[in-house]
Amino acid sequence: MKRRMMALFLTTAMIASMCACGSKDDEKKVYKVATDTTFAPFEFENDEGDMVGIDLDLLKAIAEDQGFEYELEYVGFSAAVTALEAGEVDAVIAGMSITDERKEKYDFSDPYFDSGIGMGVLAGSDIKSYEDLKGKQVAAKIGAEGCAFAESIADKYGFKVVQFEDSATMFQDVLAGTSAAVFDDYPVLGYEINRGIGLSMPLPMERGSSYGIATLKDENPELVKMLNKGLANVKESGKYDEIINTYISK
Ligand code: GLN
């Protein structure tokens, strides 16, 4: 019995030492964080071809404050959520709404931005209400809160929802006249409209959930703690407002 335990101990020690030289245990953990591709002003490619946005600046500020390292993966919203569920990434920061349904699967950071849903139409279009969508096609993003909202009223108003991977493609579809409207997050539509993309929002904002950074439920409590502490500090220091003001003018 004793000998067997000794052998087990030795094997364990050997494995432990093998791991130590193979994977460099002393190296710092680098968290993998997935995000969307075109979701301005939260993440998007600027005119210089660099990925910028509120989410990216905020995560950077939080990580600096808390002293953790991370690397970003720009994969798109539904792909980011899929990667999180597959355990391929530690977190998602992608203007992701904290919904009750999602809270069952993910641990979110504290909310960092209040949002809602908007309906975007071609500027000058005669679509002014949901009734005007009768018999038409509307665009929405796979897995997004805007898509769930569009689907929740589609039967009532008699329109069809077509799903897209990213916001830029949805906006193009409306600009091209294929979709009569797009349902997406209000601040994202607002940003594009201010930029002069040629869309407008004829209706007030529909209620939506605030954004949070998602981790897989119970998988990363230490990361959630750092995110919340960092977020609080970044808000306290004024850095949060500075980031928001960089992208959204009042
Ligand atoms: N806020 C929306 C959601 O979480 C959309 C996020 C996104 O498209 N990046 O469903």
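No experiment lies behind these values; they were computed from the predicted model shown.
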Does a donor on one side chain sit under 3.5 Å from an acceptor on the other, for [X] and [Y]?
| X | Y | value |
| --- | --- | --- |
| S179 | D173 | yes |
| E131 | S129 | yes |
| T37 | D166 | no |

Counting heavy atoms not belonging to [X], are there more than 12 under 6.0 Å from its [atom1]?
| X | atom1 | value |
| --- | --- | --- |
| K239 | NZ | no |
| D100 | CG | no |
| E236 | CD | no |
| D155 | CG | no |

Does the side chain of [Y] come within less than 4.5 Å of [X]'s, by heavy atoms?
| X | Y | result |
| --- | --- | --- |
| F171 | D184 | yes |
| Y157 | K134 | no |
| K160 | V138 | no |
| F77 | I142 | no |
| R207 | I117 | no |

In plain terms, say whether [X] and [Y] are close enough for a salt bridge, that is, a side-chain N and a carboxylate O under 4.0 Å apart.
| X | Y | result |
| --- | --- | --- |
| K105 | E85 | yes |
| D57 | K60 | no |
| K225 | E222 | no |
| D36 | K141 | yes |
| D90 | K29 | yes |

Where do F108 and Y211 land on the ring-ring contact (aromatic ring centres under 6.0 Å, His included) test, with the steps shown first? CA-CA 9 Å; F108 282 95; Y211 297 160; over 10 Å; no
Shared ILVMFWY cluster between [X] and [Y], side chains joined below 4.5 angstrom?
| X | Y | answer |
| --- | --- | --- |
| I244 | Y247 | yes |
| L223 | V89 | no |
| Y70 | I213 | yes |

For the student: nearest non-hydrogen atoms of L189 and V182, plus distance: CD2-CG1, 4.0 Å
Kindly give the heavy-atom pair with the smallest separation between A181 and M119, and that separation in Å.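 Closest heavy-atom pair between A181 and M119: CB-CG, 3.8 Å.
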Taking the six-membered ring for Trp, is the centroid-to-centroid distance between [X] and [Y] below 6.0 Å?
| X | Y | value |
| --- | --- | --- |
| F159 | Y130 | no |
| Y31 | F68 | yes |
| F113 | F42 | yes |

